[in-house]
Amino acid sequence: MALSWNEIKNRALRFSKEWAEESREHAEAKTFWDEFFNVFGISRRRVATFEEPVKKLNDQYGFIDLFWKGTLLVEHKSKGKSLDKAYSQALDYFAGLKEHELPKYVLVSDFAKIRLYDLEEGSETEFAIKDFYKKVKLFGFIAGYQKRAYKAEDPVNIKAAELMGKLHDALKDGGYDGHVLEVYLVRLLFCLFADDTGIFEKDTFREYLEIKTAEDGSNLGALLAEFFQTLDTPRERRNKMLDEQLNQFQYVNGKLFEEPLPIAAFNSEMREILLECCALDWGKISPAIFGSMFQAVMSPEERRNLGAHYTTEKNILKLVKPLFLDELHTEFEKCRGSKKKLVDFHTKLSRLKFLDPACGCGNFLVITYRELRLLEMQILRELYKDGQTVLDVSEIMWIDVDQFCGIEYDEWPARIAEVAMWLMDHQMNMLVSEELGQYFVRLPLKKAASIVHGNALRIDWQDVVPKNELSYILGNPPFIGHHYQNAEQKEDMKCVFAKVKGSGVLDYVSAWYMKAGEYIQGTSISVAFVSTNSISQGEQVGLLWNALFTQFKLKIHFAHRTFSWTSEARGKATVHVVIIGFAAFDKKGKRIFDYEDIKGEPQEKSARNINPYLVDADDVVITNRSQPLANVPRMIWGNKPTDGGNFLFADAAEKDAFLEQEPNAEKWIRPYLSGRDFLHDAMRYCLWLKDVSPAELKALPKVMERVAGVRKMRLASKAEATRNKAATPTLFAQIAQPESNFLVVPEVSSERRTYIPIAYLPPERIVSNTIQIVPNASVFEFGVLTSAMHMAWMKCVCGRLKSDYRYSNTIVYNNYPWPLAPSEKNRKAVEAAAQGVLDARAEFPDSSLADLYDPLTMPPSLVKAHQALDRAVDLCYRPQPFPNETARIEFLFNLYAQYTEVLLNQGKKK
C-alpha cells in the first residue's frame with residue numbers, strides 16, 4: 001500500500017537531516033539510495049539495480065550507478081565532483097538502452113547536492129541534501145503520486161494508440177478477434193493505467209511481465225490469463241500456492257476481469273510491444289481520453305488521428321458549467337462558514353444523479369464526475385480547515401461513480417465508459433490522499449456507473465434510471481443529417497417523431513430532444529445537449545421546436561450560439577455546433593453565450609427569454625410562409641431544366657462547337673447562370689425554346705436530337721411529375737424567367753462573406769433553380785435585402801449547406817420583418833445608398849462578385865458604400881444605432897412578433 005504524503009514528508013525530513021551530517025559523507029552510495037527509496041516506502045531492490053552494464057556509443061561497456069528501467073537513471077559522484085559531467089555521462093548510456101528502457105528522469109548527486117532532470121518536461125531542479133524534504137514532491141513518481149498535465153494531442157497519447165494498435169493487429173492476425181479481442185485490450189489498457197497511477201504498486205505489472213515471461217513470448221498469453229484471473233479473485237479465495245509476485249496484486253472486482261477468455265498467443269515482437277507500452281507514462285493520459293484512445297486502437301486508419309475522437313474538456317465544460325456546475329459553486333460559496341450548511345450541501349451532491357443517453361466512451365460523464373469530486377474536495381477543505389484528524393477517509397467521501405448512468409448503442413464503448421469512470425475515481429482518490437495525508441483507494445471495486453448497452457431512441461429511459469431519481473441529462477448525441485441516415489436510423493426517427501409531420505428532414509440529434517422532452521415531464525430535471533447548429537436554423541426549427549413547445553412546454557435556460565467544435569487532429573473536419581440547455585419549467589437568469597469569432601471565446605449575456613434561434617426574444621418559430629409578411633414583390637425560384645444536361649452547354653467553346661453544326665440555332669441560345677456561375681462571373685449557355693414553332697424546330701435537327709434526349713430522360717424518371725413533363729420536352733420543367741430586369745439572390749453563399757452578393761440581371765440571362773429571383777424589385781428593396789439587417793436575419797433563420805448559408809424564399813424572405821412605414825426621407829436615403837453600392841461595384845468591372853465580397857479582397861470603396869447603406873436601412877427601423885448583430889436579431893424578432901400578431905388578428909376578423 002502506498003504511503004501517505006504526510007508519512008513521506010516525515011521520512012524525507014529524517015533523511016535530509018541524517019545525510020546532511022558530515023559523518024555520512026563517506027558512506028556507500030548503495031546505502032544512500034536504499035534509504036532514499038525507503039523514504040517513499042519502496043524497496044530499491046524491487047525496482048532498480050546497481051552497476052547495470054550497458055554498451056555505449058564507443059562500443060565500450062559502462063556501468064549505470066543505479067537504473068530503474070523506463071523511469072530513472074542515477075549517476076552518483078563523490079562529494080564536490082562535477083554534476084554536469086555526471087549528467088553527460090548518464091546521457092552516454094542512452095545509446096545502449098532499448099526503447100522501453102529509456103528513463104523519464106535522470107538524477108545526479110554527490111552526497112551534498114541532488115539535481116533532477118525531468119526529460120519529458122525539459123526541466124531541471126538542483127538543491128542541497130539538507131533541503132530534500134522541501135523538494136520531496138518532485139519525486140512523487142517514485143511512490144506513484146504525480147501531478148498530471150493532460151493534453152489530447154500529447155505525444156504519449158499518439159504513441160500509446162500506435163503501440164496498442166500494433167498489438168491489436170498482431171493479436172487479430174493470430175485469430176484473436178471480435179468481442180474477446182476488445183475485452184482483452186480493455187483489460188490491458190486498465191492494467192497499464194493501473195501500473196502508473198497507483199492502483200497497482202508502481203511498475204509491478206511491468207516487472208511481472210519482464211521477470212516472469214519468456215523473451216520469445218511463448219508463455220505470455222498463459223501468464224496474462226492467470227494474471228487476469230487473479231485480479232478477479234479475492235485474496236482469501238486465491239490458491240495458497242499462488243506465485244508470491246502475482247499474489248501481491250489486489251482484488252479488482254467490478255466484473256472487468258470476470259469473463260473467461262481464450263488464452264492469446266504471443267511472440268517475441270508482441271512481447272516487446274507490450275513492454276514498450278508499459279514504458280510509457282500512462283498516468284499522463286487523462287481518463288477522459290481513455291475511451292477515445294480505445295476507439296483509435298480499434299480503428300487502424302485513425303490511430304494517428306486520435307484527437308478526432310476526443311471531445312476536449314474545454315468544450316465539455318461549456319455544457320457542464322451552465323447546466324449545473326456554476327450554480328453548485330455559487331451555492332458552495334454561500335455555505336462557507338457554516339458547518340451545517342456545508343454538510344447539507346455535501347449531502348445534496350451525493351444524491352445528484354446524471355444520465356448521458358448517448359454516452360459513447362463516457363467523456364461527459366467522466367468530466368462531470370471529476371468536477372463533482374473536486375467540488376467535494378473544496379467542501380472537505382472547508383470542513384477540516386482547523387486541522388481535525390480524519391480517521392477513515394472513506395467515511396467522508398460520499399460522491400461515487402454509481403451516481404452516473406449512460407446509454408450507448410455499441411457494446412464496448414459502454415464497457416469502456418465504466419472503466420474510464422473507475423480510473424477517474426482512482427485519480428480523484430489519489431488527490432484526496434495527497435490532500436488529507438492518508439492513502440485512500442477504492443479496491444475492490446464495489447460500485448460502478450450504470451451504462452446500458454442499447455438503442456437510446458427505442459428503449460424507455462425510465463428503465464435505465466427512474467426519472468424521480470434523476471437530476472440532469474447531458475451529452476453529445478450523434479450528428480447525422482437526414483441525407484446520411486441509414487435505414488435503421490430513419491426508422492428510429494419515424495418511431496420518435498410519429499406525430500410530427502415532415503420530420504424526415506430533421507437531423508438525427510433532434511430525436512434525443514424529443515425523448516428527453518417526454519422523459520422530463522413533471523420533473524425538475526435539466527437537460528443540455530451539444531448539437532449541430534442546424535436544429536436552431538432554417539426549417540428544422542419550425543418542425544422540431546414547434547413539437548417541443550406544443551407537446552412538452554419546454555423552456556430554454558441557456559445556450560451557446562454557433563461555435564466551432566474541432567480538435568487539433570490532422571484532417572479533422574470542423575463541425576459548427578450549438579449547446580442548448582432546457583427543462584420543462586421556466587427559470588430566471590437565462591444565459592446566452594455568443595461568439596464574435598466562432599473559433600474564439602464567447603461573450604456571456606443575460607436574457608429575458610431564449611427562443612429556438614438562441615436569441616433573447618419570445619418563443620416564436622419561423623415556418624414556411626407562401627407570401628411575404630410585408631407588401632413587397634414575391635421571391636420565386638429560378639428556372640429548373642430537369643433535362644439530363646441536354647439543354648445545357650458547359651462553356652462558350654461547347655456552345656460554339658454546337659453552332660458550327662447547327663448555325664441557325666443561335667437565336668435560341670441564351671446565357672445560363674447557376675448560383676455559382678453568378679458569383680464567379682462564369683458563363684454557361686442553354687437552349688431556350690420557350691417560343692419556338694414546330695416548323696422552326698423541325699429545321700434544326702441537332703436541336704431535335706437534344707429535345708429527344710430530354711423527353712427520353714424524363715420518361716425514364718421514377719417521379720410521376722417528371723414523367724408528366726415529357727409531354728413538353730422543348731421547355732424547362734419549371735419556368736420563372738421575368739420579362740424585365742430582376743433581382744438575383746444565390747441559394748448558397750459562403751459563410752465567410754459579410755453580405756450575400758445580390759444583383760440585378762437582364763431578362764436575356766436565364767437563371768437556374770439554384771438562384772432565387774425577385775421580379776420588379778425596386779432599388780429600395782435591393783438596398784434592404786443587401787443590408788446588415790437582412791443579413792443578420794438570414795444568418796439566424798436560414799438553413800445551411802455544410803457551413804454555407806442556404807437562402808430560402810419561404811423561410812428567410814417571406815418571414816423577413818421589413819421596416820414598418822419608413823418615412824419618404826429614409827426611403828430615399830436607402831435608395832441613394834443602394835445606388836452607391838451598385839456604383840462601387842461598377843468601379844471593378846473585371847472582378848467577380850465572389851472577389852468583390854471576399855473579406856480579404858473587398859475594395860474599401862465597396863466596404864464604405866455598404867456601411868452607408870447599413871446606416872440608412874437601420875434608420876428605417878429606429879433612430880438609435882444597433883451596437884451589434886445580436887441587437888439587430890433581437891429587434892427583428894420583436895418586430896416579427898408585431899407583424900404576426902397583426903396577421904393573426906386579421907385572420908380572426910375574417
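One-based numbering along the sequence shown.
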Determine, step by step, whether Glu313 and Arg370 satisfy the salt bridge (charged side-chain N to carboxylate O under 4.0 Å, His left out) criterion, reporting the C-alpha distance in whole Å, the side-chain angles of both residues, the deciding distance to 0.1 Å, and the verdict.
CA-CA 11 Å; Glu313 294 183 15; Arg370 182 194 69 189; 2.6 Å; yes
Using modelled atom types and a 3.5 Å cut-off, is there a donor and acceptor pairing between side-chain atoms of His557 and backbone atoms of Phe585?
yes
Glu408 side chain to Cys361 backbone, donor-acceptor under 3.5 Å:
no
Between His482 and Lys490 the two heavy atoms that sit nearest each other are O-NZ, 3.0 Å
Phe582/Phe558 under ring pair (Phe, Tyr, Trp, His ring centres under 6.0 Å): CA gap, chis, key distance, verdict:
CA-CA 7 Å; Phe582 60 94; Phe558 75 89; 9.4 Å; no
Around Gln462, counting heavy atoms of other residues, nucleotides and ligands shown, do more than 12 lie under 6.0 Å from its CD?
yes
Exceeds 12 heavy-atom contacts within 6.0 angstrom, atom CD of Glu518
no
NE2 of His453 to CD1 of Ile459: how many Å apart, nearest 0.5 Å?
10.0 Å
Hey, mind stepping through Glu382 and Lys341 against salt bridge (charged side-chain N to carboxylate O under 4.0 Å, His left out) and telling me if it holds?
CA-CA 11 Å; Glu382 192 70 17; Lys341 287 182 179 179; over 6 Å; no
With side chains defined as the heavy atoms from C-beta onward, is the minimum distance between Val797 and Asn815 less than 4.5 Å?
no
With distance as the sole criterion, is a donor-acceptor pair present between the side chains of Tyr409 and Glu488 under 3.5 Å?
yes
Donor-acceptor contact present, side-chain Asp196 to main-chain Trp282, <3.5 Å
yes
Short side-chain to backbone donor-acceptor contact, Gln403 and Leu349, under 3.5 Å
yes
The single option from Phe364, Phe354, Tyr472, Trp422 that satisfies ring-ring contact (aromatic ring centres under 6.0 Å, His included) with Phe404 is Phe354
Quick one: does His576's side chain get under 4.5 Å of Ile598's, heavy atoms only?
yes
Lys348 and Glu331: CA distance, side-chain angles, deciding distance, salt bridge (charged side-chain N to carboxylate O under 4.0 Å, His left out) verdict
CA-CA 11 Å; Lys348 172 183 173 177; Glu331 189 174 348; 2.7 Å; yes
Leu457 and Tyr508: side-chain contact (heavy atoms from CB on, under 4.5 Å), yes or no, with the steps?
CA-CA 10 Å; Leu457 300 183; Tyr508 197 49; 3.6 Å; yes
Hey, is the main chain of Gln521 close enough, under 3.5 Å, to the side chain of Lys467 for a donor-acceptor pair?
yes
Between Asp425 and Met421, is there a donor-acceptor pair closer than 3.5 Å when you use the side chain of the first and the backbone of the second?
no
Within a strict 4.5 Å, meaning less than it, do heavy atoms of the Thr623 and Glu539 side chains meet?
no
Go through Asp400 and Lys446 one step at a time and tell me if the salt bridge (charged side-chain N to carboxylate O under 4.0 Å, His left out) criterion holds.
CA-CA 10 Å; Asp400 212 333; Lys446 295 179 180 177; over 6 Å; no
Check whether any side-chain N or O of Asp597 sits under 3.5 Å from a backbone N or O of Lys599 as a donor-acceptor pair, and report yes or no.
yes
Out of curiosity, Leu189 CG to Met164 CE, how far, rounded to the nearest 0.5 Å?
4.0 Å
List the steps and the verdict of side-chain contact (heavy atoms from CB on, under 4.5 Å) for Phe345 and Cys335.
CA-CA 8 Å; Phe345 181 56; Cys335 293; 3.9 Å; yes
Within a radius of less than 6.0 Å around CD of Glu469, do more than 12 heavy atoms belonging to other residues, nucleotides or ligands occur?
yes
Establish, yes or no, whether the cationic atom of Lys318 lies under 6.0 Å from the six-membered ring centre of Phe563 and within 45° of the ring axis.
yes
